[in-house]
Amino acid sequence: IDVADYFYSEGLKGLAVRIISNLAEMKMEEPEILRTLGGKLMEYGENRLALETYKDVEKMRNEEPQTYRDLALAYRACGNYVKAYEIFEKVMSEKWDRFNGINYIVQHEMNELVALHPTELKGKKVNDKYYGYDLRVVISWNTDNCDIDLWVTDPNKESCGYSHKKTYIGGSISEDFTRGYGPEEFLLKKAIKGTYSVNIHYYGTTSQKQLQPVIVKVSVFRNYGRKNQTCEEKMITLDNVKGMVKLDEFEIK
């Protein structure tokens, strides 16, 4: 993973993809590793390879909604918006035991699909309550039985997280996933000017079958659900030190 990232940062994407693909060729059939591979392939722009990887994860972990969310996002990246919407609907229509909070986040992603691709999704309606945000931050991670909390600090130095779910300027945080893979989401309808920081509190993992470090994916959306939407994504490897970790910092002008 580290070597692939190095070559990708040097502009050698083809070599990076060849190196990261060794994760699949090792035939360990560990969903955590395949989730990392899928995430890295999408980061490198190899969306179709990522989709095939997430299909392999589905064969192993079809009882987890994160599996289907990953699949839907991969189909979306490949331009198959109808299939992505159908898979999101599956997540919304079923009960997922310890992962029920994922429905709230998937609702936003369904609305974003319809808002940005109305021709392909003709007949689907947008719920105005669940889309159209100046700022959206989402994290997810590759390891089960892992507790990570998202915290976003606004220009007023007010932090939004599981123990402070609403901020003065209107920021809000989704439900806290204390065992699974996330996702956790921060939303802000009307952003004020200034510097925002994205942090996580990493409490550690109790996974008995961990073959790699915990890797967090962070996605920062501007103008979420609008025609001028932008997104910056990165994957960050955590070390074994528990505590606060800064993932990103940016300014809104």
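- The distance from atom CG of N111 to atom NZ of K125, rounded to the nearest 0.5 Å, is 12.5 Å.
- Residues that satisfy the ring-ring contact (aromatic ring centres under 6.0 Å, His included) test with Y6, not counting sequence neighbours, are absent from this structure.
- Distance check: I105 CD1 to S174 OG gives 4.0 Å after rounding to the nearest 0.5 Å.
- Every residue meeting the side-chain contact (heavy atoms from CB on, under 4.5 Å) condition with K13, not counting sequence neighbours, appears here in chain and number order: Y8, V17, E46.
- One distance of note links CG of L150 with CD1 of I139; it measures 4.5 Å at 0.5 Å rounding.
- Of all the heavy atoms in F186 and C160, the pair that sits closest is CE1-CB, 3.7 Å.
- Minimum heavy-atom separation, E185 to L187: OE1-CD1, 3.7 Å.
- Between V137 and V198, the shortest heavy-atom distance links the atoms CG1-CG1, 3.9 Å.
- Between E32 and R61, at least one side-chain N (NZ, or NE/NH1/NH2) sits under 4.0 Å from a carboxylate O, which counts as a salt bridge.
- For E232, the side-chain hydrogen bond (donor to acceptor under 3.5 Å, both in side chains) test picks out no residue, with sequence neighbours left out.
- Cluster annotation: L12 and L49 are assigned to distinct hydrophobic clusters (Ile/Leu/Val/Met/Phe/Trp/Tyr, side-chain heavy-atom contacts under 4.5 Å, transitive).
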Next item on the list: Go through the steps for N223 and L135 under the test side-chain contact (heavy atoms from CB on, under 4.5 Å), then give the verdict.
Entry: CA-CA 6 Å; N223 298 303; L135 182 62; over 6 Å; no
Item checked: Test side-chain contact (heavy atoms from CB on, under 4.5 Å) applied to M60 and L34, step by step -> CA-CA 10 Å; M60 306 176 201; L34 290 178; 3.2 Å; yes
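- Counting non-hydrogen atoms of neighbouring residues, nucleotides and ligands closer than 6.0 angstrom, the NZ atom of K55 exceeds 12 such neighbours.
- Under a 4.5 Å side-chain heavy-atom cut-off, the cluster of Ile, Leu, Val, Met, Phe, Trp and Tyr residues that includes L116 has no other member.
- Shortest non-hydrogen contact noted between N142 and I215 is OD1-N, 2.8 Å.
- By the neighbour-count criterion of 12 heavy atoms within 6.0 Å, atom NZ of K193 is sparsely surrounded, having that number or fewer from other residues, nucleotides or ligands.
- Counting all heavy atoms, side chain and backbone alike, T153 lies closest to S159 at OG1-OG, 2.7 Å.
- How far NE2 of H164 is from OG of S172: 11.5 Å, rounded to the nearest 0.5 Å.
- When each of R136, R222, E112 is tested with Q229 by the rule side-chain hydrogen bond (donor to acceptor under 3.5 Å, both in side chains), just one qualifies, namely E112.
- Looking only at distances, a side-chain donor or acceptor of D154 sits under 3.5 Å from a matching main-chain atom of N156.
- Using modelled atom types, one finds no donor on one side chain facing an acceptor on the other under 3.5 Å when comparing Y54 with R69.
- Residue pairs meeting the ring-ring contact (aromatic ring centres under 6.0 Å, His included) criterion with at least one partner in residues 69-91, sequence neighbours excluded, are Y81-H117.
- Rounding to the nearest 0.5 Å gives a distance of 9.5 Å between CD of E86 and CG of L121.
- Inter-residue side-chain proximity for E89 and V91 is flagged as unmet; no heavy-atom pair is nearer than 4.5 Å.
- Atom CD1 of I102 and atom CD of Q107 lie 13.0 Å apart (nearest 0.5 Å).
- Residues E64 and R35 are paired through a salt bridge, judged by an N-O separation under 4.0 Å between the basic side chain and the carboxylate.
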Next item on the list: Would you please test E233 and K217 for salt bridge (Lys or Arg N to Asp or Glu O under 4.0 Å) and show each step?
Entry: CA-CA 7 Å; E233 294 185 316; K217 177 181 178 181; 3.7 Å; yes
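- For the side-chain contact (heavy atoms from CB on, under 4.5 Å) test, residues two or more places apart in sequence or in another chain that qualify with D149 are D147, W151, Y162, D176, E184, H201, Y203.
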Notebook entry, point to check: Is there a side-chain contact (heavy atoms from CB on, under 4.5 Å) between I19 and F7 once you walk through the steps?
Noted result: CA-CA 9 Å; I19 292 169; F7 283 108; 3.5 Å; yes
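- Residue E58 qualifies as enclosed at atom CD: its count of foreign heavy atoms under 6.0 Å is above 12.
- Of the possible donor and acceptor atoms, one in the side chain of N80 sits under 3.5 Å from a partner among the backbone N and O of K83.
- Looking at D5 and Y44, their side chains do bring a donor and an acceptor atom within 3.5 Å of each other.
- For R18, the side-chain contact (heavy atoms from CB on, under 4.5 Å) test picks out L15, with sequence neighbours left out.
- Minimum interatomic distance between P183 and Q66 (heavy atoms only, all atoms of both residues): CD-CG, 4.5 Å.
- Side-chain contact between I20 and L41: present, with at least one pair of heavy atoms (C-beta onward) separated by less than 4.5 Å.
- When side chains are defined from C-beta on, Y202 counts as touching C146, because their heavy atoms get closer than 4.5 Å.
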Checklist line | Test log, rule side-chain contact (heavy atoms from CB on, under 4.5 Å), inputs L238 and I148 | finding: CA-CA 11 Å; L238 303 179; I148 297 176; 4.0 Å; yes
Can you give the donor-acceptor pairs under 3.5 Å from side chains of residues 243-253 to other protein atoms, not counting sequence neighbours?
from : atom 1 : to   : atom 2 : distance (Å)
K246 : NZ     : E249 : OE1    : 2.9

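- For K189, the NZ atom sits in a packed shell: over 12 heavy atoms of surrounding residues, nucleotides or ligands are nearer than 6.0 Å.
- A search for side-chain hydrogen bond (donor to acceptor under 3.5 Å, both in side chains) contacts involving S197 returns N199, not counting sequence neighbours.
- By the side-chain hydrogen bond (donor to acceptor under 3.5 Å, both in side chains) test, K90 is found to be paired with E94, residues two or more places apart in sequence or in another chain being considered.
- Contact of the C231 side chain with the F221 side chain is registered, since non-hydrogen atoms from C-beta on lie closer than 4.5 Å.
- With sequence neighbours left out, the side-chain contact (heavy atoms from CB on, under 4.5 Å) criterion links N103 to M92, W96.
- Considering only residues two or more places apart in sequence or on other chains, R48 meets the side-chain hydrogen bond (donor to acceptor under 3.5 Å, both in side chains) condition with none of them.
- Follow the hydrophobic side-chain contacts under 4.5 Å out from V114 and you reach V82 in the same cluster.
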